[in-house]
Amino acid sequence: MPPNLTGYYRFVSQENMDNYLRALDINVVLRKLVCLLKPDKEIIHTGDHMVIRTITSLRDYVMDFDLGVQFEEDLGPVDGRKCQTTVSWEGDQLVCEQLGEKRNRGWRHWLEGDQLHLRMTAEDEVCVQVFQRVK
């Protein structure tokens with residue numbers, strides 16, 4: 001049975017964000033700004049339904065979805081694109097596949113103790129973020 005990810009998580013660290021954003025064709029000014037942000041994550045996980053909020057001082061991004069059901073995701077706040085997104089479990093990892101203009105786009109979340117890990121991919125770039133559960 002997959003873990004329940006419900007909780008509030010504070011930003012701890014990130015690696016390779018600038019190159020990941022460059023792979024998404026984000027302009028240099030916005031890339032520099034995003035690299036300075038320290039987002040928090042709030043996850044509400046109820047059965048096969050999830051809400052993942054990424055919270056920053058600039059703007060919040062909310063994903064509200066049912067596991068295993070493809071939906072059109074509007075990534076306008078991120079990079080101006082839309083994609084067909086499916087989120088499902090692979091063992092203990094929550095895996096998101098985002099089909100659209102960019103090859104190999106998606107992410108995966110998993111827990112290690114009280115830390116939430118996020119691995120984001122786009123093209124050949126990988127960005128890893130770590131968050132600490134606070135409640």
Might you work through the side-chain contact (heavy atoms from CB on, under 4.5 Å) test for Val128 and Leu118, ending with a clear yes or no?
CA-CA 6 Å; Val128 177; Leu118 171 59; over 6 Å; no

Run Val95 and Arg108 through side-chain contact (heavy atoms from CB on, under 4.5 Å) and show every step you take.
CA-CA 4 Å; Val95 177; Arg108 55 181 63 228; 3.6 Å; yes

Evaluate Leu99 against Cys83 for side-chain contact (heavy atoms from CB on, under 4.5 Å), listing each step before the verdict.
CA-CA 5 Å; Leu99 301 174; Cys83 56; 5.6 Å; no

Would you check, one step at a time, whether the test salt bridge (Lys or Arg N to Asp or Glu O under 4.0 Å) holds for Arg105 with Glu97?
CA-CA 6 Å; Arg105 186 168 185 177; Glu97 181 179 31; over 6 Å; no

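No path of Ile, Leu, Val, Met, Phe, Trp and Tyr side chains, each step under 4.5 Å between heavy atoms, connects Leu116 with Ile44, placing them in separate hydrophobic clusters. Linking ILVMFWY residues whenever their side-chain heavy atoms come closer than 4.5 Å, directly or via other members, leaves Trp107 and Ile55 in distinct clusters.
In this structure, Glu42 and Ile52 have side chains that are not in contact, with every pair of non-hydrogen atoms separated by 4.5 Å or more. No side-chain heavy atom of Thr56 sits under 4.5 Å from any side-chain heavy atom of Tyr61. Residues Leu67 and Ser88 fail the side-chain proximity criterion, which asks for heavy atoms closer than 4.5 Å. Contact check for Lys102 versus Leu24: side-chain heavy atoms found under the 4.5 Å cut-off. When side chains are defined from C-beta on, Met63 counts as touching Val87, because their heavy atoms get closer than 4.5 Å.
Note that CE of Met120 and CG of Leu21 are 7.5 Å apart. Values are rounded to the nearest 0.5 Å. Note that CD of Gln98 and CD of Gln84 are 11.0 Å apart. Values are rounded to the nearest 0.5 Å. Atoms CZ and OG1, on Arg103 and Thr121 in that order, are 9.5 Å from each other to the nearest 0.5 Å. Atom CH2 of Trp89 is separated from atom CH2 of Trp110 by 12.5 Å, given to the nearest 0.5 angstrom. His117 contributes atom NE2, which lies 3.5 Å from atom CD of Glu112 (distance to the nearest 0.5 angstrom). Note: Leu30 CG to Leu58 CG = 7.5 Å, rounded to the nearest 0.5 Å.
Counting non-hydrogen atoms of neighbouring residues, nucleotides and ligands closer than 6.0 angstrom, the CZ atom of Arg119 reaches no more than 12 such neighbours. For Glu15, the CD atom sits in a loose shell: 12 or fewer heavy atoms of surrounding residues, nucleotides or ligands are nearer than 6.0 Å.
Side-chain contact check for Gln132 and Arg10: no donor-acceptor pair (N or O, by modelled atom type) lies under 3.5 Å. Between Tyr8 and Asp40, the side chains place a donor N or O and an acceptor N or O closer than 3.5 Å (distance only, hydrogens not considered).
Among Arg133, Gln115, Gln129, Lys41, the one residue that satisfies the side-chain hydrogen bond (donor to acceptor under 3.5 Å, both in side chains) test with Tyr9 is Arg133.
Using a 30° and 60° split on the angle between ring planes, Phe71 and Phe65 fall in the parallel class, below 30°.
Under 4.0 Å is where a charged nitrogen must lie from a carboxylate oxygen, and between Asp25 and Arg31 no such pair does. Taking 4.0 Å as the cut-off between side-chain N and carboxylate O, Arg81 and Glu73 do not count as a salt-bridged pair.
A side-chain donor-acceptor contact under 3.5 Å links His45 to the backbone of Leu5. Put simply, the side chain of Asn16 gets close to the backbone of Val126: a donor and an acceptor are under 3.5 Å apart. In terms of modelled atom types and a separation under 3.5 Å, the side chain of Thr86 and the main chain of Val69 share no donor-acceptor contact.
Shown here for Ala23 and Ala122, the closest heavy-atom pair between the two residues is CB-O, 3.6 Å. Here the shortest heavy-atom pairing between Asp92 and Pro2 reads OD1-CA, 4.3 Å. Closest non-hydrogen pair, Tyr20 versus Cys127, comes out as CB-CB, 3.7 Å.
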